[in-house]
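The next block holds one structure in the form of structure tokens; read it before the comments.
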Amino acid sequence: MFDLLVILIPVFPLAAFLLNGLLGNRYSHVGAYRLGCGSVGLSFLCAIIVFIRILRTGVAREVTAYHWIFGGDLTINLAFLIDPLTCIMMLVVTGVGFLIHLYSIGYMHGEEGFTRFFTYMNLFMVSMLLLVMGNNYLVLFIGWEGVGLCSYLLIGYYYDRVSAAKAATKAFVVNRIGDAGFLLAIFLVFVNFKTLDYTQVFAQAGQLSTGMATAITLCLLLGAVGKSAQVPLYTWLPDAMEGPTPVSALIHAATMVTAGVYMVVRNHVLYDLSPVALNAVAWVGGVTALFAATIGLVQTDIKRVLAYSTVSQLGYMFLACGVGAYTAAIFHLTTHAYFKALLFLSAGSVIHAMSGEQDIRKMGGLSDRIPWTHATFLVGTLAIAGIFPLAGFWSKDEIMAHAFVHGRYGWYAVAAVGAFLTAFYMFRLTYLTFYGESRAEHQVAEHIHESPAIMIGPLVILAALSVLGGFPGVPPEAGWFHHFLGPVATPAGGGDQHEAGLGLVVMLMGLATVIALLGWGLAHYLYILRTETAAEWAGRVPGVYKTLFNKYYVDELYDLAIVEPVKRVGLLWDWFDRTVIDGVVRSVGRMTELGSAFSTACEKYVIYGSINILGYGNHLAAWSWRKLQSGKVHHYAAILRACGGQAASRARASRTQD
């Protein structure tokens with residue numbers, strides 16, 4: 001029964017994908033969303049039952065669905081590894097995914113591609129579940145590529161928009177860079193272990209040299225950097241906001257972009273063998289957390305602010321992995337799924353109320369017009385800012401505290417500055433969107449309205465999770481969450497033995513709260529008390545403001561250094577193909593035509609010439625033989641005498657030789 005439940009978790013959305021994809025045009029939108037949402041709901045129920053079984057027994061299980069590849073040294077099954085880490089990821093993917101599917105019913109109502117949307121969403125769920133449930137690198141890679149494909153399809157959902165098509169292509173191409181590194185890592189794993197199964201690889205990990213462990217983990221890191229939008233491969237994620245808002249919530253906030261963090265934690269046994277790789281993970285995470293937070297300070301598109309916030313929060317997770325706090329990374333991944341999905345869906349509700357407007361400079365005064373959306377957005381802001389005792393406080397504080405207690409003071413400082421900036425730009429976003437005088441255009445302001453219940457319901461549930469979702473991690477580093485994940489997320493040797501006393505823990509918690517309150521206070525001062533001050537400060541440092549507003553010109557730099565040169569090379573090869581290659585082909589074609597005509601002419605003349613030659617030869621032969629038939633006896637006698645004399649001469653020569 002347990003094995004069947006495990007297999008059904010990805011099978012339910014797979015069945016919905018096939019039915020909606022193949023037959024969706026034969027039934028109504030109601031049937032499409034019932035299939036789409038119902039399948040994910042059933043998967044969530046199965047995931048809960050499986051989680052309870054693992055919680056009771058505490059024993060990891062492997063479930064084989066299909067004997068897939070076997071031959072020589074290679075044996076790979078379509079199989080699932082069900083352990084505490086898998087259970088947490090399954091609950092996040094299916095639980096948050098189900099709420100976003102429900103929300104999508106109202107948000108996507110009336111869209112021409114309604115059925116196509118749910119088809120893509122279900123395919124994403126299948127791919128993401130394969131990614132987190134697989135017991136080997138190949139199944140992980142299939143899910144990894146599957147979510148990449150679905151990201152392309154969903155970002156480009158409005159395919160008639162040039163911006164959406166370009167954003168989808170950009171996401172697909174940038175992720176291919178990371179995927180190349182991931183694929184190389186898989187090859188290296190097989191060469192060294194002759195297997196791709198996690199359990200066998202991790203059991204033999206001790207035989208790896210430090211250099212080979214570094215090579216494998218750095219290649220894995222390249223894949224994670226691409227998928228989780230870290231520096232320098234982060235540029236695709238903000239552009240991905242071209243897709244519908246539920247897509248941003250599901251794929252680009254709660255699940256897909258966290259796949260890189262999951263992969264690093266899943267492979268922590270290998271990372272523990274390479275201090276160089278762990279330092280690289282910490283550098284990537286720390287730089288990304290601070291870099292993206294500074295960009296978010298001045299953005300004006302409500303979804304882009306949240307996008308850069310996502311990039312920054314993912315940086316926190318990578319930083320946690322880099323300092324050995326693997327459980328804290330997954331803890332923050334979980335709480336982030338709650339409050340970031342809440343923020344994106346609330347932003348979608350704002351956009352819905354504003355008739356598609358996304359510029360926060362044209363909002364304001366919405367707190368009374370859409371009170372449910374305002375309340376849920378405020379909860380999400382408090383959570384991500386790290387205000388006690390909401391979910392984001394516990395997970396973010398734990399990452400910062402772990403860095404401090406283990407003597408990584410530099411990374412603690414980076415995380416603290418990032419936390420301050422996060423609180424500032426999130427409350428800036430809240431104040432500009434919901435408070436002050438309305439700046440909406442008259443025709444838009446007239447139609448502002450609260451979202452329907454099918455959209456508000458998921459927001460309320462996610463708000464509750466954003467408030468309560470951190471308590472499973474209390475007390476810090478010793479809560480239920482940590483005990484549950486301990487068997488699969490504890491560093492080699494149990495990690496460094498640095499025990500923090502109660503006084504230090506309280507001090508760090510208080511400091512984290514003060515940092516968040518300072519960020520909140522600055523935003524309140526600039527956007528509520530002294531609204532003209534923000535513009536004055538920006539005017540004093542126009543270069544800095546412009547640089548941040550234009551995202552450090554990274555996209556322009558990439559275009560100048562990579563995209564345009566590649567385009568020019570492509571144009572050169574296009575000219576070579578059209579001029580040289582096609583020219584040769586066309587020349588051969590013309591030569592063939594000439595040769596055919598020449599051959600036809602030659603054939604004609606050869607035939608006629610052969611006939612004439614044969615005719616002349618026949619006349620010559622007839623004339624010659626006619627001379628032999630003269631009818632005169634002495635002619636015949638002379639011929640016989642000549643032939644006989646030659647025969648006698650040959651006979652005498654033969655006797656002489658004998």
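A quick note: this is a predicted structure, and the numbers were derived from the prediction, not measured.
Here CE of Met125 is found 7.5 Å from OG1 of Thr255. Values are rounded to the nearest 0.5 Å. Taking CH2 from Trp411 and CD1 from Ile399, the interatomic distance works out to 13.5 Å, rounded to the nearest 0.5 Å. A distance of 10.5 Å separates OG1 of Thr327 from CD1 of Ile88, quoted to the nearest 0.5 Å. Note: His268 NE2 to Leu273 CG = 10.5 Å, rounded to the nearest 0.5 Å. Rounded to the nearest 0.5 Å, atoms CG (Leu319) and CD (Gln230) are 10.0 Å apart. Residue Leu130 holds its CG atom at 7.0 Å from CG of Leu78, rounded to the nearest 0.5 Å.
A donor-acceptor pair is defined here as one N or O able to donate and one able to accept, closer than 3.5 Å; no such pair exists between the side chain of Lys227 and the backbone of Gly260. At distances below 3.5 Å, not a single donor-acceptor pair connects side-chain atoms of His336 with backbone N or O atoms of Ser395. In terms of modelled atom types and a separation under 3.5 Å, the side chain of Ser151 and the main chain of Val147 share no donor-acceptor contact. Within the 3.5 Å criterion, the main-chain N or O of Phe393 finds no donor-acceptor partner in the side chain of Asp397. Checking side-chain atoms of Asn122 against main-chain N and O of Gly36 turns up a donor-acceptor pair under 3.5 Å. His101 contributes no side-chain N or O that, together with a main-chain N or O of Val40, makes up a donor-acceptor pair within less than 3.5 Å. Under the 3.5 Å distance criterion, the side-chain polar atoms of His482 are matched with a main-chain donor or acceptor of Gly479. Gln207 places no side-chain N or O within donor-acceptor distance of the main-chain N or O of Ala205, the cut-off being under 3.5 Å. Within the 3.5 Å criterion, the main-chain N or O of Pro238 finds no donor-acceptor partner in the side chain of Tyr308. A donor-acceptor pair under 3.5 Å is absent between the side-chain atoms of Thr64 and the main chain of Tyr66, judged by distance alone.
Heavy-atom neighbours of Tyr409 OH from other residues, nucleotides or ligands within 6.0 Å: above the threshold of 12. Atom OH of Tyr152 sits in a sparse spot, with 12 or fewer heavy atoms from other residues, nucleotides or ligands closer than 6.0 Å.
Between the side chains of Thr376 and Ser346, at least one donor-acceptor pair of N or O atoms lies under 3.5 Å. Inspection of the His332 and Gln313 side chains reveals an N or O donor paired with an N or O acceptor under 3.5 Å. Donor-acceptor pairing under 3.5 Å is lacking for the side chains of Tyr262 and Asn267. In this model, a donor atom of one side chain and an acceptor atom of the other lie less than 3.5 Å apart for Arg266 and Thr86.
When side chains are defined from C-beta on, Tyr326 counts as touching Tyr271, because their heavy atoms get closer than 4.5 Å. For the pair Met426 and Leu343, the minimum side-chain heavy-atom distance is below 4.5 Å. The shortest distance between side-chain heavy atoms of Cys219 and Phe182 does not fall below 4.5 Å. Using a 4.5 Å heavy-atom cutoff, the side chains of His406 and His402 are in contact. Asp197 places none of its side-chain heavy atoms less than 4.5 Å from the side chain of Thr75. Counting only heavy atoms from C-beta outward, the side chains of Leu14 and Phe17 approach each other to under 4.5 Å. With contacts defined as side-chain heavy-atom distances shorter than 4.5 Å, the pair Val173/Trp236 does not qualify. Using a 4.5 Å heavy-atom cutoff, the side chains of Phe481 and Thr334 are in contact.
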**OP:** Apply ring-ring contact (aromatic ring centres under 6.0 Å, His included) to Phe202 and Phe193, showing your working.
**Re:** CA-CA 10 Å; Phe202 300 154; Phe193 297 104; 8.7 Å; no
Subject >> Trp394 and Phe388: CA distance, side-chain angles, deciding distance, ring-ring contact (aromatic ring centres under 6.0 Å, His included) verdict >> reply: CA-CA 8 Å; Trp394 299 105; Phe388 178 87; 5.6 Å; yes
**OP:** Mind running side-chain contact (heavy atoms from CB on, under 4.5 Å) on Leu74 and Ile76 for me, showing each step along the way?
**Re:** CA-CA 7 Å; Leu74 183 63; Ile76 300 175; 3.5 Å; yes
**OP:** Give the C-alpha distance, both sets of side-chain angles, the deciding distance and a yes or no for side-chain contact (heavy atoms from CB on, under 4.5 Å) between Ser228 and Thr258.
**Re:** CA-CA 6 Å; Ser228 292; Thr258 61; 5.8 Å; no
**OP:** Give the C-alpha distance, both sets of side-chain angles, the deciding distance and a yes or no for side-chain contact (heavy atoms from CB on, under 4.5 Å) between Thr288 and Leu314.
**Re:** CA-CA 8 Å; Thr288 303; Leu314 289 166; over 6 Å; no
Subject >> Evaluation steps, side chain to side chain donor-acceptor pair (under 3.5 Å), between Tyr198 and Asp83 >> reply: CA-CA 12 Å; Tyr198 295 147; Asp83 62 5; over 6 Å; no
**OP:** Take Leu123 and Tyr120, measure what side-chain contact (heavy atoms from CB on, under 4.5 Å) needs, and give me the verdict at the end.
**Re:** CA-CA 5 Å; Leu123 179 60; Tyr120 292 163; 5.6 Å; no
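In terms of heavy-atom proximity, Ala280 sits nearest to Leu221 at CB-CD2, 3.8 Å. Closest approach of Gly469 and Ala391 over heavy atoms only: C-CB, 4.0 Å. Looking at every heavy atom in both residues, Ser312 comes nearest to Ala289 through OG-O, 2.7 Å. Minimum heavy-atom separation, Leu102 to Pro458: CB-CG, 4.0 Å. Heavy atoms only, all atoms of each residue included: Pro10 and Leu129 are closest at CA-CD1, 3.9 Å. A pairwise comparison of heavy atoms in Lys303 and Phe344 identifies O-CE2, 4.0 Å as the closest pair.
In this structure, Lys396 satisfies the cation-pi test against Tyr316, with its NZ or CZ atom closer than 6.0 Å to the six-membered ring centre and inside 45 degrees of the ring normal.
Taking 4.0 Å as the cut-off between side-chain N and carboxylate O, Arg176 and Glu145 count as a salt-bridged pair.
With Ile100 as the fixed residue, the side-chain contact (heavy atoms from CB on, under 4.5 Å) test singles out one of Ile251, Val247, Leu345: Leu345.
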